[in-house]
A.B. asks: 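Dropping the structure in here first, questions after.
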Protein chains: 2
Amino acid sequence: MPRVSKISKSPPAAVEDILNRLGRNIRTARLRRKLSREELAERVGISRYVLADIEKGKPTTAIAAYLGALWALGLLQDMREVADPDRDEEGKILERARSPKTAPKRKTLDDDF
Amino acid sequence: MPRVSKISKSPPAAVEDILNRLGRNIRTARLRRKLSREELAERVGISRYVLADIEKGKPTTAIAAYLGALWALGLLQDMREVADPDRDEEGKILERARSPKTAPKRKTLDDDF
DNA sequence: CTTTTATGTTAACTTAAATCAACATATCGT
DNA sequence: ACGATATGTTGATTTAAGTTAACATAAAAG
């Protein structure tokens, strides 16, 4: 992507790690299934060059290409819970602090005077 | 990405679903943390426009932008197990079929004649 | 060894991803 | 109501992502 973002040019180590990991995992899954790059790429709908980039963990490659590879390998379901609000404990705490779900008990009756 | 791949132009429904989900989840996490698009985008190292694309689930956006958003929200660890070979049961079966890990028991002794 | 098959590398080309500026329109707090 | 902040939209610009072709090298299969 032109005017390449900082995040793509030099991603934080954590992001780079995940990217390399993902690439390796996709490669492993492909080899286990005895697929060549060309075969898998064709099923995904990309060129073999992009699949090579994916296996290398290239940051600037379109997310759909990565997800397409997972999809063609039958591994897309692993993405379903990513950033799931139900599992985002940090977020839930912050939300609760703002708008307490349990209605605060009134100390006194509304109409006591 | 120019010469846009088929997978990006018209992703399979499953991929589109995951993409929309991811976008929504990132948005939810951002709002819970009371961050504006501009604030989060700046932390990620992208423009507010790209973050808007991400929350819409745009297929052609660089994977690093998506991962950067997860990272800035403290949700990147959700990606660690995606396509993990240890959890790829389908792949493990295929591999086992090819090269049986348990050495096949010899029916007869090696030196029986 | 020889022939496939898989992958690496380079170069040329097309086109849209990402940025910025400017303005419009919510949405929120006071 | 008001002003401030957040987000939507448009157009112009830049530049690299993705494609193809061609050739090189590596690894399997015969």
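Side chains are part of it too, since the values below use all heavy atoms of this structure and drop only hydrogens, waters and symmetry mates. Sequence lines set the chain letters: A, B, ... in the order given, protein chains first and strands last, and positions in each chain run from 1.
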A.B. asks: If you take all heavy atoms of B:Y66 and B:L19, which pair is closest and at what distance?
C.D. replies: OH-CD1, 4.1 Å
A.B. asks: Does any N or O donor sit under 3.5 Å from an N or O acceptor when you compare the side chain of B:R3 with the base of C:dC13?
C.D. replies: yes
A.B. asks: Using only side-chain N and O atoms of A:T61, determine if any of them is under 4.0 Å from OP1 or OP2 of D:dG18.
C.D. replies: yes
A.B. asks: Taking the side chain of A:V4 as its heavy atoms from C-beta onward, which of C:dA17, D:dG18, D:dA16 lies nearest to it?
C.D. replies: D:dA16
A.B. asks: Nearest-nucleotide wise, let me know which of A:S36 and A:K6 is further upstream toward the 5' end of DNA chain C.
C.D. replies: A:S36
A.B. asks: Using the side chain to side chain contact (heavy atoms under 4.5 Å, CB included) rule, pick out the option among B:V82, B:V15, B:D17 that qualifies with A:M79.
C.D. replies: B:V82
A.B. asks: Nearest whole angstrom, please: distance from the C1' of D:dT5 to the CG of B:L40.
C.D. replies: 17 Å
A.B. asks: Less than 4.0 angstrom between a side-chain N/O of A:S5 and OP1 or OP2 of C:dA17, yes or no?
C.D. replies: no
A.B. asks: Among A:E55, A:E39, A:E38, A:E42, find the one that has a salt bridge (charged side-chain N to carboxylate O under 4.0 Å, His left out) with A:R48.
C.D. replies: A:E38
A.B. asks: Distance check needed: C:dG8 P versus A:I54 CD1, whole Å only.
C.D. replies: 14 Å
A.B. asks: Please state how far atom NZ in B:K9 lies from atom P in D:dG18, giving the value in whole angstrom units.
C.D. replies: 14 Å
A.B. asks: Name the one of A:L22, A:V44, A:I46, A:L40 that satisfies side chain to side chain contact (heavy atoms under 4.5 Å, CB included) with A:I54?
C.D. replies: A:I46
A.B. asks: Given D:dA17, is OP1 or OP2 found less than 4.0 Å from the side-chain N or O atoms of B:T60?
C.D. replies: no
A.B. asks: Establish whether the base of D:dA17 is bridged to the side chain of A:Y49 by a donor-acceptor pair shorter than 3.5 Å.
C.D. replies: no
A.B. asks: With the threshold set at 4.0 Å, does a side-chain nitrogen-carboxylate oxygen contact exist between A:E95 and A:K92?
C.D. replies: no
A.B. asks: Does C:dG8 have OP1 or OP2 under 4.0 Å away from a side-chain N or O of A:R48?
C.D. replies: no
A.B. asks: Of the options C:dG8, D:dT7, C:dA17, whose atoms approach the side-chain atoms of A:R37 most closely?
C.D. replies: C:dG8
A.B. asks: How close or far is atom P of D:dA27 from atom CG of A:L31, stated in whole angstroms?
C.D. replies: 14 Å
A.B. asks: Any side-chain N or O of A:S47 under 4.0 Å from OP1/OP2 of D:dT20?
C.D. replies: no
A.B. asks: Which whole-number value in Å describes the distance from A:K34 NZ to C:dT5 C1'?
C.D. replies: 13 Å
A.B. asks: Would you say A:R30 reaches C:dT7's phosphate, i.e. side-chain N/O to OP1/OP2 under 4.0 Å?
C.D. replies: yes
A.B. asks: Atom CG of B:D53 to atom P of C:dA17: distance rounded to whole Å?
C.D. replies: 9 Å
A.B. asks: Nearest whole angstrom, please: distance from the P of D:dA17 to the OH of A:Y66.
C.D. replies: 11 Å
A.B. asks: Using heavy-atom distances to pick each residue's nearest nucleotide on DNA chain C, tell me which of B:K58 and A:E38 is more 5'.
C.D. replies: A:E38
A.B. asks: From NZ of B:K56 over to P of C:dA17, roughly how many Å is that when rounded to an integer?
C.D. replies: 12 Å
